[in-house]
Amino acid sequence: MLRFLDVDGNLLAATPAAHDQALSLELFRWMLYVQAFDSAALSLQRWGKISFCNPTTGEEAGQIGSACALSDTDWVFPSYRVPGVYLYRKKSPLPLFHQLFGTTEDLSRGRQMPMHFGDAAARFFSVSSPVGTQITQAAGWAYAARLRNDAAIAIAYFGDGATSTNDFHAGLNLAGVLRVPAVFYCSNNQYALSTPLRRQTAAASIATKALAYGIEGVQVDGNDVLAVYTATREAAERCRCGHGPVLIEAVTYRLGPHSSTDNPGFYRAASEEASWRAANPIQRFRRFLERQGWWSSGWEETVRSEQDFALRQSIAIAERSPRPAPETLFQDVYSEPEERLERQCRRMVSSAALKEAHRGDFKFPI
Ligand SMILES: Cc1ncc(C[n+]2csc(CCOP(=O)(O)OP(=O)(O)O)c2C)c(N)n1
């Protein structure tokens, strides 16, 4: 397993990233931002302001280490578990909150569940709910990119559960045969909802699955941001040089619930959570920065308060923004108006008006 930092933040081996102060502080700053976004989103859900979210606590290094190693022209094929990659791309939390609140500024016009981000201008494909579909999408996009002589590469993010899908097999097989420029980033957070890794696969590791597809596979410590950054950079370079796809298995742990409607206490021991919490990526990297003499509590406090301010401001803007009118649901379906849809739209608008009249009785369906 590729690892540069032990759980106490001691440097175990040399890597250029470990000597780059600006990069290290950048990685740490964005990991803090992901953590702050995460707790803001969960609070909003608990206050009943948004309907749903997928916490990513414990997986900050995977999101930021990989996002930082990519070029802005590379295409991301995300899962719902990488809002931090989108945050890093946009350098602002506002688009995330527009999506969570489903405002008129949301690029999917409020039609998607929260956490289903998508942004063509930022080269961030829309999150699809069916687990694993982003893997085949990335393989197909990367093949097209090669045919077009596009220098960009694709990266697909998915969890350990997704490695049991047909899309994982079809995507990695196609990618291997056609040697497409795609990085397949598996965040092995030990659980697919309530299914533990031991019930997911009998393989020694997820990275070894690359062997069967004739592609490069690498296992990294997903809680070591330097390892994630280095592995993703090397994988992206390989792709850019035409050496074919890479499967990265980042070994990590989902410290929070699968989603805002999950209670992990039903399927795992608190002691297991506690041992992974002690190995969490933010604390580990803070210790490293401190040893390098690059960190101070004052600096972190300033960073946190700036992020807190930006988060509060973005939430306030998104909360105040108008929601799309119900009839917009019927737009963007056909280029010409269609009689049956127009009929359905009229029916829905009149029932929406009814709901408005009985607002207090209306319960959100999720
Ligand atoms: C094809 C499919 N099967 C089942 C589900 C229900 N489901 C949603 S998330 C999830 C767990 C996925 O786990 P994993 O791929 O490990 O990613 P993680 O949530 O841990 O990031 C499941 C089973 C789904 N959305 N799509």
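In listed order, ligands and their atoms are each counted from 1.
Judged by distance alone, with hydrogens and angles left aside, the side-chain atoms of D224 form a donor-acceptor pair with the main-chain N or O of L5 at under 3.5 Å. A donor-acceptor pair under 3.5 Å is absent between the side-chain atoms of D106 and the main chain of G102, judged by distance alone.
An N or O contact shorter than 3.5 Å is missing between P130 and ligand 1 by distance.
Residue-level proximity to ligand 1 for R254 is absent, since no heavy atom of it falls below 4.0 angstrom. Residue contacts with ligand 1 for D160 involve both N, CA, C or O and side-chain atoms from C-beta outward (heavy atoms, distance under 4.0 Å). Both the backbone and the side chain of A192 come within 4.0 Å of ligand 1, judged by heavy-atom distances.
For atom 7 (N) of ligand 1, the closest non-hydrogen atom on the protein side is V131 CG2, 4.0 Å. Scanning all protein heavy atoms for the shortest distance to atom 15 (O) of ligand 1 gives A162 N, 3.0 Å. Atom 16 (O) of ligand 1 has its closest protein heavy atom at G161 N, 2.7 Å. Closest to atom 25 (N) of ligand 1, if we only count protein heavy atoms, is S129 O, 3.1 Å. Protein heavy atom in closest approach to atom 21 (O) of ligand 1: R81 NE, 3.0 Å.
Per-residue contacts place N189 under 4.0 angstrom from the following atoms of ligand 1 (heavy atoms of the residue considered): 18 (P), 20 (O), 21 (O). Atoms of ligand 1 found under 4.0 Å from any heavy atom of H258 (numbered from 1 in listed order, with element): 9 (S), 10 (C), 11 (C), 19 (O). Set against the non-hydrogen atoms of L193, the atoms of ligand 1 under 4.0 Å away are 11 (C).
With Y253 as the fixed residue, the side chain to side chain donor-acceptor pair (under 3.5 Å) test singles out one of E272, E273, Q190: E272. Remark: of the listed residues N223, N189, N280, N223 is the sole one forming a side chain to side chain donor-acceptor pair (under 3.5 Å) with T252.
The pair K209-E249 does not count as a salt bridge, with every side-chain nitrogen at least 4.0 angstrom from each carboxylate oxygen. Salt-bridge formation is detected for the pair D221/R284: a Lys NZ or Arg NE/NH1/NH2 atom is positioned less than 4.0 Å from an Asp or Glu carboxylate oxygen. Salt-bridge check for R304 with E301: failed, with every basic side-chain N at 4.0 Å or more from each acidic carboxylate O.
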Practice task
Assess whether salt bridge (charged side-chain N to carboxylate O under 4.0 Å, His left out) is satisfied between D119 and K90, documenting all intermediate values.
Solution key: CA-CA 10 Å; D119 189 331; K90 298 301 283 183; 3.0 Å; yes
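Closest approach of V220 and A227 over heavy atoms only: CG1-O, 4.3 Å. The two residues T56 and R81 come nearest to each other via the heavy atoms CG2-O, 3.4 Å.
By heavy-atom distance, the residue among Y80, Y191, F158 lying nearest atom 12 (C) of ligand 1 is Y80.
Remark: distances from the non-hydrogen atoms of S79 to ligand 1 are all 4.0 Å or more.
Proximity of atom 23 (C) of ligand 1 to the protein is not indicated, since no non-hydrogen protein atom lies closer than 4.0 angstrom. When distances from atom 3 (N) of ligand 1 to the protein are checked, no heavy atom turns up under 4.0 Å.
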